[in-house]
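Counting convention: from 1, in listed order, for ligands and their atoms alike. Because the structure is a prediction, the values reported are computed rather than measured.
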Amino acid sequence: MRRKLVVGNWKMHGTLAQSTALLQEVVAATTELSEDVEIGICPSYIHLGLAKELLQNKPLLLGAQDLNSEPEGAQTGEVSASMLADFGVSYVIVGHSERREIFQESDQLVVLKIAAAQAAGLTPILCIGESLEQRQQGLTEEIVIAQLNAVIDQVGIQAFDRAVIAYEPVWAIGTGQTASPTQAQEVHWILRDHLAARDAAVAGAIRIIYGGSVKADNAKDLFLQVDIDGGLVGGASLKAEEFISICKSAD
Ligand code: PGA
């Protein structure tokens with residue numbers, strides 16, 4: 001039985017005061033949450049320290065939104081996997097479509113980041129997904145499988161032994177246009193089936209979460225799908241009440 005996982009991706013949002021208030025509200029509500037659901041919060045780097053302090057001894061895990069693929073070095077402005085692990089971070093988002101698009105991150109770089117994260121003991125959350133144009137052209141399966149294969153070919157199927165996959169159709173991110181539970185389940189099944197052809201145990205154990213306009217009012221139906229193991233939540237994770245409601249929907 002896979003434990004459900006809900007991760008809040010705060011992106012580049014929040015002042016110190018706003019982030020403090022949000023964390024406090026989420027923490028205060030954790031007593032209402034079931035232990036069957038694992039919850040992670042990925043604030044910006046600058047608020048990781050704050051989050052670490054406020055999440056101490058709470059059933060919430062700390063995550064980062066990105067990392068550099070190199071172990072250390074002259075990389076002004078960057079943060080390495082070992083720095084994150086040393087700081088107490090558990091999860092790191094890798095290959096988010098915003099990074100692929102805005103910062104031109106290639107599959108190759110994404111693979112290096114996955115390997116770096118795992119070498120440091122972090123659990124990467126690998127984001128994959130098709131654009132609207134690709135979906136309209138019927139290329140969804142081809143695109144997500146290519147993104148998955150980039151990792152399998154370079155690191156091997158064991159890369160998914162300790163990783164999470166987030167299926168995030170680009171057209172659903174921040175648009176309010178969520179994939180329907182059926183549309184999402186279809187892709188999640190394709191991904192799990194593809195992994196199963198290489199290693200059934202890995203495929204059965206890995207959590208494949210959905211991201212793209214997950215909200216309090218659509219989370220339950222998404223999370224009820226057999227291959228959807230939780231959510232990566234952007235906008236709705238910035239409102240404590242809504243985020244908590246999404247976490248409850250995963251139970
Ligand atoms: P959204 O973002 O929930 O605001 O669509 C999801 C994500 O980018 O991870």
Under 6.0 Å from the [atom1] atom of [X], do we count more than 12 heavy atoms belonging to anything else shown?
X	atom1	answer
Q158	CD	yes
E241	CD	no
Q225	CD	yes

Test item: side-chain donor near acceptor, D229 and H188, under 3.5 Å: no

Verdict with reasoning, W171 to E130, per side chain to side chain donor-acceptor pair (under 3.5 Å): CA-CA 8 Å; W171 48 271; E130 80 289 358; 2.9 Å; yes

Do K52 and F87 meet the cation-pi criteria used here (NZ or CZ under 6.0 Å from the six-membered ring centre, within 45° of the axis)? yes

Shell of residues surrounding ligand 1, defined by a 4.0 angstrom heavy-atom cut-off that is strict: N9, K11, H96, E168, A172, I173, G174, G212, S213, L232, V233, G234, G235

